[in-house]
Amino acid sequence: MLALLSLGLVDRWRPFADRPRATWLTTAGREAAGLPGEGVKLRAGEVLRVQDRVDLALHLTAQRHEVVSGVELAAGGPPAEVRTRLRRPVDFAAVAGTAGRERPELVSVVVDPSGNEQLWLHEIHAVDRSPGEWMKVLVDYAYTAVVDGVAFWVPESMVDSSSRVVAQANRTVGAAGMSTVFTVHAWPPRG
């Protein structure tokens with residue numbers, strides 16, 4: 001690896017001792033490997049965000065969710081092997097443009113205790129929002145008929161304030177006869 005680094009074929013970054021190192025091909029590395037396209041220069045925040053998405057996908061998969069990434073959504077939905085495991089057809093194209101966003105970070109399908117499949121969107125938020133900003137996001141999601149729930153993963157310090165706004169949104173959505181459910185979870189999850 002040190003030789004590849006010294007030749008400028010790869011670059012790497014290690015954010016913190018408790019996080020894995022990120023390594024990627026530079027433009028010279030892509031050319032040497034015969035791969036088309038430009039190399040990338042990743043920023044620290046991007047690396048951490050990707051690591052969080054991967055960690056969340058692994059966490060959800062361990063809880064028996066079928067997970068689809070935002071990148072898969074942009075490419076037309078999950079691979080065929082995931083689609084064949086689903087009990088109902090899912091309009092992944094509708095999910096891709098949910099709530100005025102390009103696409104959610106992760107989408108998962110899980111079977112609830114009564115045996116029904118539920119489609120959940122997952123977003124990781126590291127920065128607190130004002131109650132008004134939260135309500136706009138929540139109301140946008142509430143009008144998405146294909147989604148059963150939206151889970152917001154926030155730092156422990158934001159759980160209480162986020163939960164209050166989400167509880168109000170759930171009451172408002174229920175009173176309007178809509179069925180989308182919102183939840184807040186600590187990120188990273190405990191235990």
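Keep in mind it's a predicted model, so treat the numbers as computed, not measured.
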Participant: Please list, chain by chain and in numerical order, all residues satisfying ring pair (Phe, Tyr, Trp, His ring centres under 6.0 Å) with H185, sequence neighbours excluded.
Facilitator: W153
Participant: Specify the closest pair of heavy atoms between E117 and V109, including all atoms of both residues, with the distance to one decimal.
Facilitator: CD-CG1, 3.9 Å
Participant: Please list, chain by chain and in numerical order, all residues satisfying side chain to side chain contact (heavy atoms under 4.5 Å, CB included) with D112, sequence neighbours excluded.
Facilitator: S114, N116, Q118
Participant: Who passes side-chain hydrogen bond (donor to acceptor under 3.5 Å, both in side chains) against T172, sequence neighbours left out?
Facilitator: Q168
Participant: Tell me, please, which residues at least two apart from P131 pass side chain to side chain contact (heavy atoms under 4.5 Å, CB included).
Facilitator: V165
Participant: Could you list the residues that satisfy ring pair (Phe, Tyr, Trp, His ring centres under 6.0 Å) with F182, not counting sequence neighbours?
Facilitator: none
Participant: Any chance the rings of W187 and F152 have centres within less than 6.0 Å?
Facilitator: no
Participant: Using every non-hydrogen atom in the two residues, find where L138 and A169 come nearest and quote the distance to one decimal.
Facilitator: CD1-CB, 3.4 Å
Participant: Would you mind reporting whether V68 and L106 have side-chain heavy atoms less than 4.5 Å apart?
Facilitator: no
Participant: Which residues pass the side chain to side chain contact (heavy atoms under 4.5 Å, CB included) test with L7, not counting sequence neighbours?
Facilitator: L9
Participant: Can you tell me how far the CG atom of D52 sits from the NE2 atom of H59, to the nearest 0.5 Å?
Facilitator: 12.5 Å
Participant: How would you list, by chain and number, every residue that makes a side-chain hydrogen bond (donor to acceptor under 3.5 Å, both in side chains) with H125, sequence neighbours excluded?
Facilitator: E123, R129
Participant: Quick one: are V107 and L119 in side-chain contact, heavy atoms under 4.5 Å?
Facilitator: yes
Participant: Please round to the nearest 0.5 Å and tell me the distance separating atom NE2 of H122 and atom CG of L60.
Facilitator: 4.5 Å
Participant: Is the shortest heavy-atom distance from the side chain of R64 to the side chain of V111 under 4.5 Å?
Facilitator: no
Participant: For the pair T26 (side chain) and G8 (backbone), establish whether a donor and an acceptor sit closer than 3.5 Å, ignoring hydrogens and angles.
Facilitator: yes
Participant: Answer with yes or no whether the hydrophobic clustering places L2 together with V10; edges join I, L, V, M, F, W, Y residues whose side-chain heavy atoms lie under 4.5 Å apart.
Facilitator: yes
Participant: Is there a side-chain contact between D148 and T180 (heavy atoms, below 4.5 Å)?
Facilitator: no
Participant: Partners of S6 by side-chain hydrogen bond (donor to acceptor under 3.5 Å, both in side chains), sequence neighbours excluded?
Facilitator: none
Participant: Please examine the side chains of T27 and R30, heavy atoms only from C-beta on, and report whether any two atoms are closer than 4.5 Å.
Facilitator: no
Participant: Would you check if V166 and T183 make a side-chain contact, meaning some heavy-atom pair closer than 4.5 Å?
Facilitator: no
Participant: Under the side chain to side chain contact (heavy atoms under 4.5 Å, CB included) test, which residues partner A167, sequence neighbours left out?
Facilitator: R171
Participant: Apart from V110 itself, what residues make up its hydrophobic cluster when side-chain heavy atoms of I, L, V, M, F, W and Y under 4.5 Å apart count as a link, directly or indirectly?
Facilitator: W120, V181
Participant: Contact between E66 and S108 at the side-chain level, heavy atoms closer than 4.5 Å - yes or no?
Facilitator: no
Participant: Just wondering, do L58 and V54 contact through their side chains at under 4.5 Å, heavy atoms?
Facilitator: yes
